[in-house]
Structure formats: structure tokens, C-alpha cells
Amino acid sequence: MSAAKVKAQNLINENPVVVFSKSYCPYCKATKATLSGLGAKYHVLELDEIEDGAAIQDALEELTSQRSVPNIFINKKHIGGNSDLQARKAELPELLREAGAL
């Protein structure tokens, strides 16, 4: 397994909520605003601000078949991107509580 894949998997395993993001991405900003608005504790990895960001994005594509950001995980489960998160807005508080992120 590649170092990037191990790093991504460790972040997913060790945090109740992980958002793989890019700092300039409007969809990523919307996701972070939604989670912050609910008071969720979440870990963000800005892929455009780290040296191995491209490799991690490749690893996430292998893990999830999703290349785009944000790439969101709650309770070790892949949620998808911002539109997927927004579509599940009604159940988010429950998902976040179950994950221990609220």
C-alpha cells in the first residue's frame, strides 16, 4: 500500500469526521461551513497545501472511486462530496452524534 494511501486511511480511522479539501474550492468551503454550523468537530486536510496532496488525492480515488474534493468521511464511512453531504443534511446531526463529532 502506498504511503499516501496509508496516510489517508489513518486519518479516516483516527478522526470521527475527515474532509479532504482544497483551500480555494467553493464546494469545500460549503462543506466546512455546514459542518461548522452544526458545531461538528472535524479534521480537514487541505490537499493543495501539502507536499503529498496529489498522491493522497490519487489514493482517495482508489479507495472511493471519487477524485473530486471535498471527499468526506463520517465515522469511517465515505459520504461523498458536498452535494452528497447537503442531500443528507436532515440526518447529519444524528450521523455526527454517532461518530462522536458533536
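Counted by atom type alone, E46 and S23 present zero donor-acceptor pairs between their side chains at under 3.5 Å. Side-chain atoms of K89 and T34 form no donor-acceptor pair, as typed in the model, at a separation below 3.5 Å.
Distance check, rounded to the nearest 0.5 Å: CZ of F20 to NE2 of H43 gives 7.5 Å. Once rounded to the nearest 0.5 Å, the distance linking CG of L63 with NZ of K5 reads 5.0 Å. One distance of note links OG1 of T64 with CG of L60; it measures 6.0 Å at 0.5 Å rounding. The structure places CD of E62 at 12.5 Å from CD of Q57, a figure rounded to the nearest 0.5 Å.
Screening D84, N71, N82 against T31 for a side chain to side chain donor-acceptor pair (under 3.5 Å) leaves a single residue, N82.
Using a 4.5 Å cut-off on side-chain heavy atoms (C-beta onward), K32 and C28 make contact. A 4.5 Å side-chain heavy-atom check between V69 and C25 finds at least one atom pair inside the cut-off.
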Step-by-step salt bridge (Lys or Arg N to Asp or Glu O under 4.0 Å) determination, E91 to R88 | CA-CA 6 Å; E91 64 181 297; R88 297 176 77 169; 3.3 Å; yes
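Minimum interatomic distance between I12 and K76 (heavy atoms only, all atoms of both residues): O-CG, 3.6 Å.
The local environment of CD in E61 is crowded, with over 12 non-hydrogen atoms from other residues, nucleotides or ligands closer than 6.0 Å. Annotation for E49: atom CD counts as buried by contact number, over 12 foreign heavy atoms lying within 6.0 Å.
Under the rule for a ring-ring contact (aromatic ring centres under 6.0 Å, His included), the partners of H78 that lie at least two apart in sequence or sit in another chain are F73. The side-chain hydrogen bond (donor to acceptor under 3.5 Å, both in side chains) check on S68 picks up nothing, with sequence neighbours excluded.
In the hydrophobic clustering, where aliphatic and aromatic side chains (Ile, Leu, Val, Met, Phe, Trp, Tyr) are joined below 4.5 Å either directly or transitively, I79 groups with V17, V19, L35, L38, Y42, V44, I72, I74, L85, L92, L95, L96, L102.
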